[in-house]
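Working notes for the structure below.
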Protein chains: 2
Amino acid sequence: MRKIFLFMDTIFNKVDAKGRVSLPSDYRAIVKELSTEIVCYRSLSAPCIEGCLEETLDKLATDIENATDFFSETQDNLTNLIFGDAKRFTFDSTGRIVLTEKLLRHAQISDTAVFVGKGRKFQIWNPENWAKEEARIRAEVMAHRPVLKAAKDEQ
Amino acid sequence: MRKIFLFMDTIFNKVDAKGRVSLPSDYRAIVKELSTEIVCYRSLSAPCIEGCLEETLDKLATDIENATDFFSETQDNLTNLIFGDAKRFTFDSTGRIVLTEKLLRHAQISDTAVFVGKGRKFQIWNPENWAKEEARIRAEVMAHRPVLKAAKDEQ
DNA sequence: TTATTATTTATGGTATATCATGGTATTTTA
DNA sequence: TAAAATACCATGATATACCATAAATAATAA
């Protein structure tokens, strides 16, 4: 089995009237090689869709199982929110998934979707929102550059 | 055998006069693939029905047998409640289960049931109650953002 | 390098299968 | 035998799988 998998790059794909989008071919290759599936959900922190491998969520479910007992309410809220929102997406022979109305609305996506790699996860943005977000992140990282450097030096 | 099984998504289905509801097809696929059954019981903490795979309850029974240290009186009482309340639900050729009066009353469900995925478990809600509950959870999770972040980072 | 060809990928359209749901028949059991 | 529970059938709506073409990328030869 593949040791390394990383969602990378930024890809612009068309979304048709039915919500169909081609999953970037690199992403598809990962899914195939690991014989798993993609899971998507509304990001809790931004107006975008978040995606990961099903096994990533499975790991989370197992962690929760082990960390708490069957009746625990500690993580109860979290599981409702995450798993209640998440949905499995399989792609057809041409490599497309069909995004739901709920997800598209949350990310304000109409005719174009931007896939942004995040390593173990990826995000799907509306092009304009992503442009703004990228600029914001760049600015913030630049502003915190010295802190980042200091943190590295400390190790 | 399937590597991963997760109850996910939020699905609204009709409940007819006999208490019949379609089990979401994704849920049915899991039951079929693992050749097990669905078990439902009244949630101990909320006005909803809780469901899981029979083998999940079996695991719970085993865990309690083995974990003598944690065999507290309260846990013992809880298991009495769960196992005493739990009931197997098989679906017919069209994929429907028939919920009992007791369960429907507890969840205040009349004509529509909302299936909410929770990973290894799922819940069945009355639509209005679920809307309120979801809002409550969202608010609470946002307030405890740092905890969420820590939990997410662990995966 | 540049031109040409071969492959893979993206995307529009359509046929097909699946699903949810109302209804009916059959079996169970009280 | 009546009442209830269960299994089966029918249908419209929806989602899925498949086909065809265009675009883009990679590979090969000049």
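Residue numbering restarts at 1 for every chain, and letters A, B, ... go by the order of the sequence lines. What you see is a predicted model, and the numbers here were worked out from it, not measured in a lab.
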Can you sort out the partners of [X] under side chain to side chain contact (heavy atoms under 4.5 Å, CB included), two or more places apart, ordered by chain and number?
| X | result |
| --- | --- |
| A:S25 | A:R28 |
| A:E133 | A:W125, A:W130, A:R136, A:I137 |
| B:K18 | B:D16, B:R20 |
| B:K87 | B:F89, B:T100 |

Contacts of A:F115 that satisfy ring-ring contact (aromatic ring centres under 6.0 Å, His included) - sequence neighbours left out: none
What residues, two or more places apart in sequence or in another chain, satisfy salt bridge (Lys or Arg N to Asp or Glu O under 4.0 Å) together with [X]?
| X | answer |
| --- | --- |
| B:R120 | A:D58, A:E65 |
| B:E54 | B:R88 |
| B:K14 | none |

Annotated protein contacts, base or backbone, on nucleotides 6-22 of chain D with a non-hydrogen cut-off under 4.0 Å, one of B, S, - each: -BBB-------BBBB--
Start and end of chain B contact along DNA chain C [non-hydrogen atoms, under 4.0 Å]: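 Listed 5' to 3', the contact boundaries are C:dC19 to C:dT24.
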Aromatic centroids of B:Y27 and B:F7 separated by under 6.0 Å: yes
Residues within residues 109-118 of chain A bordering DNA chain C, heavy-atom distance below 4.0 Å: none
Closest-nucleotide 5' rank along DNA chain C - winner of A:S25 and B:D16: A:S25
salt_bridge(A:R138, A:E134) N-O dist < 4.0 Å: yes
Under-4.0 Å salt bridge between A:K132 and A:E128: no
Sugar-phosphate, base or nothing in reach of A:S22, heavy atoms under 4.0 Å: base
Nearest non-hydrogen partners of A:F91 and A:I97, listed with the distance: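 Residues A:F91 and A:I97, closest heavy atoms: CB-CG2, 3.9 Å.
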Terminal helix-axis angle for the helix from C:dT1-D:dA30 to C:dA30-D:dT1, with five pairs defining each axis and rounding to 10 degrees: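 Inter-axis angle at the ends, rounded: 50°.
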Donor + acceptor pair across side chains of B:E140, A:N77 (<3.5 Å):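 Yes, because at least one side-chain N or O of B:E140 sits under 3.5 Å from a partner of the opposite role on A:N77.
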